[in-house]
Amino acid sequence: MDLKTAAYSPELFAACGQQMCAQLEAYLTQKHARDGRVTPVLDPPAMIAAAREWMQTTAPTSETGLQQRWSSMVDAMLAHAQNLHHPHYIGHQVPAPVPIAGLCDAVGSVTNQPMAVFEMGPWATAVERALVDALGEQLGFPPGTFAGFITHGGSLANYTALLTARNVALGEVWEQGVNVDAQAPVMLTQADAHYSIARAAGMLGLGTRNVVKVGLDDRRRMDPAALRIELEHARSTGRKVIAVCASCCTTPIGAFDPLPAIADLCEEFGVWLHVDAAHGGAACFSPKWRHLVEGIDRADSVVWDAHKMLFVPALCAFVFYKNRAHRFEAFRQDAPYLFDPTDPGKAEYDVGLQTVECTKRAAGFGLWGVWSLFGVDLLRTLIEGTFDLAQQFHQLLSEQSDFLPLHEPQCNIVVFRYRPAEWIALSDEELGLRQMELRRDLIGSGQFYITATKLDGSGALRVTIMNPLTTLHDLQQLLESLRALHTTAVSPQGQHETHCRV
Ligand SMILES: Cc1ncc(COP(=O)(O)O)c(C=O)c1O
């Protein structure tokens, strides 16, 4: 068997593909049945060694041997995977994606349709533009007036949008660099904003120390009165404000900043409004939850991750500019071998002019596939289902004497603490440490995957409901599992040990 012929054989490809689909079908069926562990046993060195071993064994010499090896490889990938399709995965802000979205991505990957210029990935570019138009209109921007693109993740999206804000605010900075002798400009955001905002300030040469954290209200949203004070302070001390970065929503507890009041202030002070709607932009699709993002159409730039609440595989993050004229502001790049100056109209479709990436993965196929196959109503259903379930979970927590909900959820992120009677006297810090230990034990048991966060410096448990197949019954079981883990940790004499172990 000639290896090159085998590697490019359509027949071998089809046989491996059919085999893989059967394995994935069995995998999904098993996970939907809540069968088996949520998180595999996490042993990084052993996993790396196992992955390396696969690379060191000799390739099979027949097509049948290749098919068998492929099937074992898929088994290994599934056995060691984090199981987002298990309805007990309620951890990070990554969804159980609509599985067929993965197949759309596969078409793009097998044919390899990367983009920088239109000609490299014509259909991928067309799909991206169609999605930008449709999502931008969902945000409330009038058709034809705004611009946008897809990039590799929300962090890069925040960076690119804020690069544009910096270039607009500081004029010649792209060519001349940041003037370190001048009074340092500031960026205003809130304490719970995603770390990529501060990181962007570092990367943009603004300095993380010049990121000012505006005060919060009692629901951890940016307080417009505190924002006014910071804007006035910046003005009176002669410091330029690059942008006000609002969150829709914040990462720790899913708080939505009040955009109408913030937009009013940005207009009054002539400051760029950036909205990080990586997670909560999805509220636009729901008449029931749209009020959370009211005013988002007044933002100068918006970031929205489809690989969060639009239920497609990572990565697919959108950047929008309200004003189309800003679309080439981030990079004033001259690359004539790519962007043909004799055909300037085409630059409209050469997305590489607007992104950090030159070659960029065709990241829009998954969302385009789900939207085109099932219609936009599916997205609304999935979003509303997960948001609604979080409200029910909060209600459930409120009814338990041994659980403390720590906020009223605005979306599908819920933060709480377990506090049985014998922990009531603990300090916040000690109670927080118990939450971290309890979480580690829960994950180790394989029953659930949840995350932790810190509120006012103390640990808390955090769930993000991003699997549309998770039910209230699953969440009731979560509470039972936490109680049972705690009980197991109490010694036979009734003495509580210093930490929880199963
Ligand atoms: C509000 C917010 N912005 C940005 C990001 C970063 O997105 P990504 O992980 O795609 O880089 C996150 C990630 O959770 C987030 O919650």
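Note that these values count all heavy atoms, side chains included, but never hydrogens, waters or copies made by symmetry. Remember, it's 1-based here, ligands and their atoms both numbered in the order they're listed.
Note: no N/O pair closer than 3.5 Å links H279 and ligand 1 by distance alone.
The ligand atoms of ligand 1 that sit less than 4.0 angstrom from a heavy atom of C249 are 1 (C). Remark: ligand 1 atoms within the under-4.0 Å shell around heavy atoms of T251 are 1 (C), 2 (C), 15 (C), 16 (O). Residue contact check: S155 has heavy atoms under 4.0 Å from atoms 6 (C), 7 (O), 8 (P), 11 (O) of ligand 1. Heavy-atom proximity to A278, at under 4.0 Å, picks out these atoms of ligand 1: 2 (C), 3 (N), 4 (C).
For the 3.5 Å distance criterion, the side chains of N83 and Y27 qualify, holding a donor opposite an acceptor. Residues S196 and Y159 have side chains that never bring a donor and an acceptor to within less than 3.5 angstrom of each other.
At the shortest separation from atom 6 (C) of ligand 1 among protein heavy atoms lies H194 CE1, 3.3 Å. Protein heavy atom at the shortest distance from atom 9 (O) of ligand 1 is K308 NZ, 3.7 Å. Among protein heavy atoms, the minimum distance from atom 8 (P) of ligand 1 is reached at G154 N, 3.4 Å.
The number of heavy atoms from other shown groups lying within 6.0 Å of CD (E267) is above 12.
Across all their heavy atoms, I450 and V463 have their closest contact at CG2-CG1, 3.7 Å.
Classification of R290 and E294 as a salt-bridged pair fails, no side-chain N sitting under 4.0 Å from a carboxylate O. Under the 4.0 Å criterion applied to side-chain N and carboxylate O atoms, D456 and R220 are assigned as salt-bridge partners.
Proximity of S247 to ligand 1, defined as any heavy-atom pair under 4.0 Å, is not found for any part of the residue. Contact annotation: for H307 versus ligand 1, heavy atoms closer than 4.0 Å belong to the side chain alone. Contacts between D305 and ligand 1 below 4.0 angstrom, taking non-hydrogen atoms only, involve the side chain exclusively.
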Q | Derivation and outcome, salt bridge (charged side-chain N to carboxylate O under 4.0 Å, His left out), residues D192 and K213 | A | CA-CA 9 Å; D192 289 347; K213 291 179 177 162; over 6 Å; no
Q.
Between E128 and K360, does the salt bridge (charged side-chain N to carboxylate O under 4.0 Å, His left out) criterion hold? Intermediate values first, please.
A. CA-CA 12 Å; E128 175 168 324; K360 182 181 83 173; 2.8 Å; yes
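The closest approach between a heavy atom of Q93 and any atom of ligand 1 is below 4.0 Å. Judged by the shortest distance from any of its heavy atoms, H92 lies outside the 4.0 Å radius around the atoms of ligand 1.
Between C358 and M115, the closest side-chain pair of non-hydrogen atoms is not below 4.5 Å.
The heavy atom nearest to atom 3 (N) of ligand 1, out of those in L315, I197, D276, is found in D276.
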